[in-house]
Amino acid sequence: MNRYLIKNNIKLMCRSWGNILLFIIMPVILVFCLSSAFNTLMSKYEESEITAGYRIEGDGVTSEMIKAMNEVAEDNDITLNEYSKGDPEELIKENELSGFIVFKDDSYTIYEDKDNAAKGKGLEYFVNAFYENASAKALGVDTDSVDLSVEHPDFINPIDSTDYYGIVEIIYFGWCAIVAGAGIFLNEKKYKIRRRYQVANISPIKDYLGRFIPIALVASIGTVIAAVLTVVLLGVNWGNPILSILILVLSVMAATALGLLVYSITDNMVATIIIMFTIVWVLGFFGGTFETYLFSSHPMFLKNITPIYHINRALVELSSMGHSDYVRSAIGYSGTIVIAASVLAVITGQIRKRGRA
């Protein structure tokens with residue numbers, strides 16, 4: 001029966017071939033547009049040193065903290081100069097600074113050089129990374145104990161905009177995998193196929209797998225084809241092809257399972273697409289789909305709870321460095337979502353079936 005369901009659902013999906021075609025073409029078009037638009041920001045500028053000013057307003061920053069920050073900044077080709085007076089924006093212009101930091105009691109404000117966005121973003125990320133990675137105790141006792149890993153394109157192997165967006169946008173669209181299954185849900189409603197399945201007394205598990213397998217299969221093939229097109233048309237480097245494809249397919253499977261869970265709850269295709277697009281947009285926002293995680297100032301805890309961040313970072317680092325510490329977490333996140341969402345979807349389907357009985 002599973003073979004019949006899978007085969008039948010693939011046929012239903014193929015009737016809406018336009019959705020599948022858009023699923024393949026749209027990410028490639030978006031990659032081309034974004035890679036061109038952000039080429040300057042993502043490019044590795046020749047003058048690597050960043051010079052910035054700072055001012056302390058309040059008691060939240062100690063002299064030990066400033067000393068430690070200056071030492072770590074110097075190790076990363078960043079020079080910090082103190083300015084006790086003057087408007088930050090004017091000081092940036094007059095002294096050709098990359099940015100200006102104002103430290104307050106429990107917060108800080110960064111002013112960036114509008115004419116050099118890359119260095120400004122680099123400074124922003126440095127300060128954020130410093131606060132994220134260096135504990136106050138370590139700063140107050142021993143500045144040599146500060147272990148700071150700054151993720152900036154000048155401090156790690158650089159990746160250009162084509163490679164970055166060529167990877168993250170494919171992942172982003174892969175998380176919209178439920179769109180590929182529109183043909184199944186629309187035809188089920190149109191021809192009342194669900195009633196036939198109920199008469200046949202198909203178990204919720206078989207019913208779920210009859211949807212999950214064809215959608216995940218078609219969406220995965222479409223996503224891999226899109227990835228191949230980025231290589232052929234734009235020259236995107238995916239690093240380790242086999243490992244990258246594995247992570248990409250697991251990501252699509254996770255998106256499919258999550259989409260089916262939402263559909264099992266709403267039983268409405270339009271509502272499912274709206275909810276999934278909202279979820280994926282939020283995950284992409286914190287995961288580096290729109291603002292690169294290299295320059296993003298979002299708190300790390302928001303990034304770490306976002307599966308797209310782990311997947312993006314794993315594949316981007318495989319491309320730029322050939323290895324990544326995020327491979328395991330990317331696979332773990334995707335696998336957990338597949339299992340958890342599938343179990344919940346089957347349970348929901350069983351509850352709904354009992355309600356109709």
Side-chain angles (χ1 to χ4, degrees), residues 1-24 173-225 246 248-280 283 307 331-357:
M1 182 61 72
N2 271 351
R3 291 182 181 179
Y4 169 78
L5 287 177
I6 294 171
K7 182 179 179 181
N8 184 65
N9 283 337
I10 289 177
K11 288 182 179 180
L12 293 178
M13 293 172 67
C14 290
R15 290 182 182 180
S16 303
W17 59 269
N19 291 337
I20 300 175
L21 188 61
L22 288 174
F23 189 75
I24 297 173
F173 270 82
W175 272 78
C176 301
I178 197 65
V179 174
I184 296 177
F185 306 119
L186 294 176
N187 283 286
E188 283 181 350
K189 295 284 186 180
K190 183 177 181 180
Y191 298 107
K192 300 179 179 179
I193 297 176
R194 304 306 308 161
R195 293 185 179 180
R196 301 179 187 178
Y197 290 163
Q198 290 175 7
V199 173
N201 196 27
I202 298 175
S203 68
I205 295 178
K206 289 184 177 180
D207 185 20
Y208 175 79
L209 292 176
R211 291 173 171 181
F212 175 78
I213 293 175
I215 295 176
L217 180 62
V218 172
S220 295
I221 293 174
T223 302
V224 171
I225 290 175
L246 173 62
L248 196 60
V249 170
L250 284 174
S251 172
V252 173
M253 291 173 64
T256 302
L258 185 60
L260 287 174
L261 172 59
V262 174
Y263 184 78
S264 69
I265 297 172
T266 64
D267 196 31
N268 185 290
M269 185 60 198
V270 175
T272 298
I273 290 179
I274 293 174
I275 293 173
M276 279 302 298
F277 275 20
T278 302
I279 293 174
V280 174
L283 295 179
I331 294 175
Y333 252 116
S334 297
T336 300
I337 292 174
V338 170
I339 295 172
S342 296
V343 171
L344 291 175
V346 170
I347 293 174
T348 304
Q350 192 168 7
I351 294 174
R352 187 179 293 278
K353 183 178 180 180
R354 289 178 180 176
R356 292 174 177 173

For the atom pair [atom1] ([X]) and [atom2] ([Y]), what is the distance rounded to the nearest 0.5 Å?
| X | Y | atom1 | atom2 | value |
| --- | --- | --- | --- | --- |
| L21 | I225 | CG | CD1 | 10.0 Å |
| L261 | T256 | CG | OG1 | 12.5 Å |
| S220 | L248 | OG | CG | 7.5 Å |
| S342 | I205 | OG | CD1 | 10.5 Å |
| T278 | I274 | OG1 | CD1 | 7.5 Å |
| I215 | I178 | CD1 | CD1 | 4.5 Å |

What's the shortest heavy-atom distance between [X] and [Y], and which atoms?
| X | Y | result |
| --- | --- | --- |
| N268 | V270 | OD1-N, 3.0 Å |
| A177 | V252 | CB-CG1, 4.0 Å |
| A271 | T266 | CB-CB, 4.2 Å |
| K206 | L5 | O-CD1, 3.7 Å |

Do [X] and [Y] have side chains that get closer than 4.5 Å, going by heavy atoms?
| X | Y | value |
| --- | --- | --- |
| W175 | P307 | yes |
| M276 | Y263 | no |
| Y208 | I347 | no |
| F173 | T223 | no |
| M253 | L250 | yes |

Any donor-acceptor pair under 3.5 Å linking the side chain of N9 with the backbone of I184?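 A pair under 3.5 Å: no.
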
Counting only heavy atoms not in I10, do more than 12 fall under 6.0 Å of its CD1?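 Enclosed.
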
